[in-house]
Every structure is written in C-alpha cells, then in structure tokens.
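Reviewing the structure listed below.
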Amino acid sequence: MSNLALGILDFGYLKTPELYAHQVINSLFNEIGEYERMSYKRLWLSEHYSPEFAWFNPRMLLPLLAGYSERIRVGIAGVLLNYHSSLQTAHDFRLLSALYPERIDLGIARAGVPDDISRYLYRHPHAGQAIQWEAHVNDLFAFLKEDDSTKTIVPNLLIPPHGTTLPETWFLGTSGSGIELALKHRSNFCLSLMHPGADIERNASVIKEFKKLFFERYGVFPLTSILICASDTTDKEQLERLNVNYNKLHQANPFGPMEFIVEYIIRLSSQLGSDEVVVFYPEHRRELRVDFYNRLSVAMNC
C-alpha cells in the first residue's frame, strides 16, 4: 500500500455544444462525493481566464463543493494573487475555513493574465513595481493571520471571523523561486511539473531543500506535493498532443498504461521527496474522468 496522498486538479474544461459550463459545474458537484469515496485528499480548482474553461475564478464554487462533501479538502491552485485584493482574499478564505474547518486550501500563484483582461481585474497598490509580488504576499498573510504586521497596514482593522481555523496555505511554482516566501510565511509548497517552464532536472532537489530549511526554522516538516498531468489514453493523436503540451523540456508527466503511471508516481515522489501527488487528467467527459481517477486510486491502494 502506498503512503502517498493523492489529490486532483480540475481546470473545468468545457466543449460546446457537447458540454456547456453549467453542465461542467453541476457534474463537479456529483463528482466530488465520488472522489471522496476514492480517498482523494484534496480537490483543487484552477484560475484561468480563457473561454475554454467553465469558470475564470472558481472561488464561489468552494463553499458549494465543501457542502456537497464531508472530508475532502477543496481549494484553488492557485489564486493569481497579483490580480486580487489581498484583504478580500484573506477575508474570503478566513470565512470559508470558519464554515468548513480543516477543509479549505488557499494556493497562491504568480502566473500572469493577458493584458486585455488584466486591465479589468484588481490593481494592487504596488502594481508596476518590482516589489509588487512580495508586497502582495506579505499583505495577504498579514491579513490572514492578523498578527502585529496587520496593524502596520491598516490600524485598528479586525478581520472577521475571529478565533477560527485558518485555511491551509500553499505556494505553487515550477521552480524553487518561491520557497523563500513559503518559508517566511510558514506555508506549504507544491512543485508543478506540468506548467510552462517546469524543468524536473534543474529542480530535482527543490522539495528536499525546502523541507530541510523549513524544519531547521520551525522544528516541523511542511506539506509538499508535486503536480503532474497523467493519462492512459491509447489514442496516438491525443498522446502526441499531450507530449507536445506537457513534456516539452523533459518527460515529467506520465502518459501510458496505468501500471506505468503508478510506478512513475511512486518513483518520482520518492526521488523528489514529495508527500503528495496532485494529478490533472486532461479529459472533459465526466465518465472518463471519474473512471480514470477511480482506477488510479485502486492501483495506488489508497
């Protein structure tokens, strides 16, 4: 039996006129109970601004998904923080975590948004400055944790609700460039091997180094995960597209028989030192998606 925890990343792919946004979302409400029964630890939704997805920002779906399930964690991987208010984000996730204690994940990412869309999104006070990202992250955690640093931002500000469980926080990235901030804010870290710029060889030691530094600073280990795209399709054209899209630099994402995927996940997580693996299966059809995740869970003996 594998000791690895498994998670799922969902982009909310739609395919009109075969599959519309409301159908994708309604299907997800049914799927989350099945994923929970399969013993998946968490379900993460992505934030993307493209017409090929059923949502741009899935924040409003989180309380509904948590309500349709009992144990599985739900969250966003990740919130594109440069385009959101740090105060609003902290408030929303504090409230969500108060409603569903030990169930909410707040993942943050530094990815960009096309210029024709970004101008209509939130503008941070430090927008356009080199310090924008770090300042925005620092503000978020100050509001989230309400420590002394909050008072230096907005004196006498108390963010409700109080005395509740905070969400689990994650930094997401394709390299180790974000681990200093993750260390600073005592957060967890997820290394993506499926996004552009991912380089498994260059970042082979990132997770182990992060865990070492985290333990030296706090005396406990953080949670770590790797994010991969996986598929056992036998369609040659689809396999070719998957390799072009996800394995440009290195063969970091497993496409092949289920036995190969399972062996690869176990070997890769051991090599990188990861505690969890979050899997993205690139299929819009619900029945195929649920079937794949079920077979993966059974094969991993979850």
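Side-chain atoms of Arg73 come within 3.5 Å of backbone atoms of Ile104 as a donor-acceptor pair (strictly under, hydrogens ignored). Judged by distance alone, the side chain of Asn188 and the main-chain N or O of Thr224 form no donor-acceptor pair under 3.5 Å. Side-chain N or O atoms of Tyr20 include none that pairs as donor or acceptor with a backbone N or O of Ala54 at under 3.5 Å. With Gln271 contributing its side chain and Ala204 its backbone, the two residues share no donor-acceptor pair below 3.5 Å. Panel note: side chain Ser69, backbone Arg71; no donor-acceptor pair is recorded below 3.5 Å. With hydrogens and angles ignored, the 3.5 Å screen pairs a side-chain donor or acceptor of Asn253 with a backbone N or O of Tyr246. Looking only at distances, a side-chain donor or acceptor of Tyr40 sits under 3.5 Å from a matching main-chain atom of Tyr293. Lys145 places no side-chain N or O within donor-acceptor distance of the main-chain N or O of Leu140, the cut-off being under 3.5 Å. Put simply, the side chain of Tyr13 never gets that close to the backbone of Val24: no donor and acceptor are under 3.5 Å apart. Between the side chain of Ser297 and the main chain of Met38, a donor-acceptor pair closer than 3.5 Å is present.
For the pair Glu263 and Arg267, the salt-bridge criterion is met [side-chain N within less than 4.0 Å of a carboxylate O]. A salt bridge links Arg286 to Glu34: one of the charged nitrogens lies within less than 4.0 Å of a carboxylate oxygen. Note on Glu283 versus Arg285: salt bridge recorded, some NZ/NE/NH1/NH2 to OD/OE distance being below 4.0 Å. Note on Glu276 versus Arg42: salt bridge recorded, some NZ/NE/NH1/NH2 to OD/OE distance being below 4.0 Å. No salt bridge links Glu180 with Lys184; every basic N to acidic carboxylate O contact stays at or beyond 4.0 Å. Taking 4.0 Å as the cut-off between side-chain N and carboxylate O, Asp291 and Arg295 count as a salt-bridged pair.
Minimum interatomic distance between Ala230 and Val279 (heavy atoms only, all atoms of both residues): CB-CG1, 3.9 Å. Between Gly273 and Ile207, the closest heavy-atom pair is O-CG2, 3.5 Å. Scanning all heavy atoms of the two residues, the minimum distance from Ala5 to Lys41 falls at CB-CD, 3.9 Å. When all heavy atoms are compared, the tightest approach of Leu80 to Ala111 is CD2-CB, 3.8 Å. When all heavy atoms of Ile261 and Gly256 are compared, the pair lying nearest together is CD1-O, 3.6 Å.
Under 3.5 Å, the side chains of His48 and Ser46 contain a donor-acceptor pair of N or O atoms. Checking Asn203 against Asp199 by side-chain atom types alone, no donor-acceptor pair falls below 3.5 Å. Using a 3.5 Å distance cut-off with no hydrogens or angles, the side chains of Tyr35 and Glu31 do pair a donor with an acceptor. Between Ser175 and Ser177, the side chains place a donor N or O and an acceptor N or O closer than 3.5 Å (distance only, hydrogens not considered). Trp133 and Asn82 form no side-chain donor-acceptor contact under 3.5 Å, judged by distance and modelled atom types alone. Between the side chains of His84 and Glu47, at least one donor-acceptor pair of N or O atoms lies under 3.5 Å.
Between the CG atom in Asp10 and the CG atom in Leu61 there is a gap of 10.0 Å [rounded to 0.5 Å]. The structure places OG1 of Thr233 at 4.0 Å from CD of Gln238, a figure rounded to the nearest 0.5 Å. Separating the OG atom in Ser274 from the CG atom in Leu191 is a distance of 8.5 Å, to the nearest 0.5 Å. Considering CZ of Phe141 and NE2 of His136, their distance stands at 11.5 Å, rounded to 0.5 Å. With values rounded to the nearest 0.5 angstrom, Phe210 atom CZ is found 6.5 Å from Ser187 atom OG. Residue Arg110 holds its CZ atom at 11.0 Å from CZ of Phe171, rounded to the nearest 0.5 Å.
Heavy-atom contacts from other residues, nucleotides or ligands closer than 6.0 Å to CG of Asp115 number 12 or fewer. Heavy-atom contacts from other residues, nucleotides or ligands closer than 6.0 Å to CD of Glu287 number more than 12. By the neighbour-count criterion of 12 heavy atoms within 6.0 Å, atom CZ of Arg202 is sparsely surrounded, having that number or fewer from other residues, nucleotides or ligands.
Considering only heavy atoms from C-beta on, Phe56 stays 4.5 Å or farther from Leu121 through its side chain. At a threshold of 4.5 Å between non-hydrogen side-chain atoms, the residues Leu95 and Thr164 do not count as touching. By the 4.5 Å heavy-atom criterion applied to side chains, Ile25 and Trp55 are counted as neighbours. Contact of the Leu62 side chain with the Tyr100 side chain is not registered, since no non-hydrogen atoms from C-beta on lie closer than 4.5 Å. Looking only at side-chain heavy atoms (C-beta outward), Leu181 and Asn138 come within less than 4.5 Å of each other. Looking at Val206 and Phe189, their side chains come closer than 4.5 Å, going by heavy atoms from C-beta outward.
Sequence neighbours left out, the pairs with a member in residues 74-99 that pass salt bridge (charged side-chain N to carboxylate O under 4.0 Å, His left out) are Arg59-Asp92, Arg94-Glu146.
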Step-by-step ring pair (Phe, Tyr, Trp, His ring centres under 6.0 Å) determination, Phe143 to His91: CA-CA 8 Å; Phe143 289 132; His91 171 269; over 10 Å; no

Let me see the working for Tyr83 and Tyr122 under ring pair (Phe, Tyr, Trp, His ring centres under 6.0 Å), right down to the final yes or no. CA-CA 5 Å; Tyr83 307 97; Tyr122 174 81; 9.5 Å; no

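With respect to Leu144, the side chain to side chain contact (heavy atoms under 4.5 Å, CB included) criterion is satisfied by exactly one of Thr89, Leu87, Leu106, Asp139: Leu106.
Taking hydrophobic clusters as Ile, Leu, Val, Met, Phe, Trp and Tyr residues chained together by side-chain heavy-atom distances below 4.5 Å, Ile72 shares a cluster with Leu64. Residues Leu242 and Val278 share a single hydrophobic cluster, defined by chaining ILVMFWY side chains whose heavy atoms lie under 4.5 Å apart. Linking ILVMFWY residues whenever their side-chain heavy atoms come closer than 4.5 Å, directly or via other members, leaves Leu4 and Phe221 in distinct clusters. Residues Ile266 and Leu268 share a hydrophobic cluster, clusters being chains of Ile/Leu/Val/Met/Phe/Trp/Tyr side chains in contact below 4.5 Å. Cluster annotation: Phe29 is connected to Ile32 through the hydrophobic network of ILVMFWY side chains, with a link wherever side-chain heavy atoms come within less than 4.5 Å.
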